[in-house]
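This one's a predicted model, so the numbers in the text were calculated from it and none came from an experiment.
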Amino acid sequence: MRPFLIDIDPANVDDNGIADDLPTGTAWAFGTDAEWLATGSGDSLAHRLVITTVANEPGGNAPILTLIGTDADGIVQTEAITLPNATTVESTKYWLTVTSGTTQAATVGTFDIGWVDEVMTQTIPLNYRHTEAATFAADITGTINYTVEETLDEIHTKTNPSVDSSWFSLSALASKTVDLLGVGTVHATAGRLVVNSYSSGAEIQFTVMQNESI
């Protein structure tokens, strides 16, 4: 395969960059609700989201927020998130875009949706038939913590490879903060880079290389 380069330049953390003061107990969609500010962070990367609430349902019954959007590969996904009482909660999934959402009726207060400093790249297919593993290189600027992950699953049979596949960290490239180059696993089907945390202005030049079949 030809060298694959991703310029990872994550947007600064913004806890209400996607929606501001959304009312609970209703449904929303971009283009129809003024409270929606953007469909995503604008950096072409998938982020974990943060939801901040003002209040909760009367009687302490936590409402469920159901979001619809796309994952790191641009594939449609949904997630149901239990809204906390006047505090924050993070999504489990990583979101490239968020296009609509709903909560149950009879809830009170408002909430915001934004993104945190946890980022995932798209799924990068590898030549799993090759007898040589891929090489991964990370060239960082600023303060950033990252992990390179691989999967041995057949990604072409997965509806959402970034979510449905079993991913594992490369020990030589897990929770690193400096420039590094490492070799992956023979017969891995795909790789990706996950940013565990970063400071404003930080970025990574992430390169994936693998020899052609012989």
Side-chain angles (χ1 to χ4, degrees), residues 1-14 17 40-50 70-75 77 90-97 114-156 158 160-214:
M1 61 181 286
R2 295 180 178 178
F4 191 94
L5 174 64
I6 301 179
D7 182 13
I8 301 168
D9 187 8
N12 294 343
V13 171
D14 189 340
S41 65
D43 57 16
S44 300
L45 298 166
H47 291 250
R48 288 184 69 183
L49 304 179
V50 59
T70 57
D71 67 8
D73 299 319
I75 300 171
Q77 69 176 2
E90 289 189 14
S91 66
T92 299
K93 296 180 179 181
Y94 291 75
W95 294 80
L96 181 64
T97 63
W115 57 86
V116 297
D117 60 345
E118 297 173 63
V119 174
M120 178 187 295
T121 70
Q122 67 201 72
T123 300
I124 303 168
L126 303 174
N127 184 357
Y128 64 90
R129 296 184 177 90
H130 205 293
T131 56
E132 294 185 22
T135 299
F136 302 94
D139 181 6
I140 72 169
T141 300
T143 302
I144 195 164
N145 182 297
Y146 65 92
T147 296
V148 176
E149 297 182 341
E150 288 182 318
T151 182
L152 296 172
D153 290 353
E154 180 47 69
I155 60 172
H156 301 293
K158 305 290 185 180
N160 295 72
S162 69
V163 177
D164 300 334
S165 300
S166 297
W167 293 88
F168 60 91
S169 302
L170 293 175
S171 58
L173 295 171
S175 298
K176 301 302 180 181
T177 58
V178 296
D179 299 348
L180 283 174
L181 182 149
V183 177
T185 305
V186 175
H187 305 312
T189 59
R192 68 186 183 190
L193 185 141
V194 176
V195 174
N196 306 308
S197 64
Y198 63 89
S199 298
S200 298
E203 60 181 283
I204 297 181
Q205 299 294 314
F206 181 52
T207 304
V208 182
M209 297 169 287
Q210 189 176 23
N211 290 334
E212 297 291 343
S213 299
I214 56 175

Please name the pair of heavy atoms, one in [X] and one in [Y], separated by the smallest distance, quoted to 0.1 Å.
| X | Y | result |
| --- | --- | --- |
| D9 | A202 | OD1-O, 3.9 Å |
| L96 | A72 | CD2-O, 4.4 Å |
| K176 | L180 | CG-CD1, 3.4 Å |
| P3 | M209 | CB-CG, 3.9 Å |
| E154 | K158 | O-CG, 3.6 Å |
| A133 | V183 | CB-CG1, 3.9 Å |

Tell me, with the steps shown, if T70 and T97 meet side-chain hydrogen bond (donor to acceptor under 3.5 Å, both in side chains). CA-CA 5 Å; T70 57; T97 63; 2.5 Å; yes

side-chain hydrogen bond (donor to acceptor under 3.5 Å, both in side chains) for E118 and N196? Distances and angles first, verdict last. CA-CA 5 Å; E118 297 173 63; N196 306 308; over 6 Å; no

Could you measure the distance from the [atom1] atom of [X] to the [atom2] atom of [Y]? Nearest 0.5 Å is fine.
| X | Y | atom1 | atom2 | result |
| --- | --- | --- | --- | --- |
| F136 | L170 | CZ | CG | 6.0 Å |
| I204 | I140 | CD1 | CD1 | 6.5 Å |
| L152 | Y128 | CG | OH | 12.0 Å |
| I155 | L126 | CD1 | CG | 7.5 Å |

What residue pairs, at least two apart or across chains, pass side chain to side chain donor-acceptor pair (under 3.5 Å) with a residue in residues 161-170? D71-S162

How far apart are the C-alpha atoms of L181 and T135, what are their side-chain angles, what is the distance that settles it, and do they pass the side chain to side chain contact (heavy atoms under 4.5 Å, CB included) test? CA-CA 7 Å; L181 182 149; T135 299; 3.6 Å; yes

Out of the candidates P10, S197, S41, only one should pair with V119 under the side chain to side chain contact (heavy atoms under 4.5 Å, CB included) rule; please name it. P10

Side chain to side chain contact (heavy atoms under 4.5 Å, CB included) test vs V195 passes for just one of I144, D117, N145, namely I144

N12: what forms a side chain to side chain contact (heavy atoms under 4.5 Å, CB included) with it, not counting sequence neighbours? S200

Any donor-acceptor pair under 3.5 Å from [X] side chain to [Y] backbone:
| X | Y | value |
| --- | --- | --- |
| T189 | T151 | yes |
| N127 | R129 | yes |
| D73 | I75 | no |
| E150 | H187 | no |
| T121 | L193 | yes |
| S91 | R48 | no |
| D139 | Q205 | no |
| Y198 | A11 | yes |

Show me the pairs that pass salt bridge (charged side-chain N to carboxylate O under 4.0 Å, His left out) and involve residues 186-208, at least two apart or across chains. E149-R192

Taking the side chain as C-beta and beyond, is there a heavy-atom pair between I6 and Q122 under 4.5 Å? yes

Kindly indicate whether the side chain of F4, heavy atoms from C-beta on, has any atom under 4.5 Å from the side chain of Q210.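 No, their side chains stay 4.5 Å or more apart.
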
Going by the angle between their ring planes, with limits at 30° and 60°, are W115 and H47 parallel, tilted or perpendicular? tilted

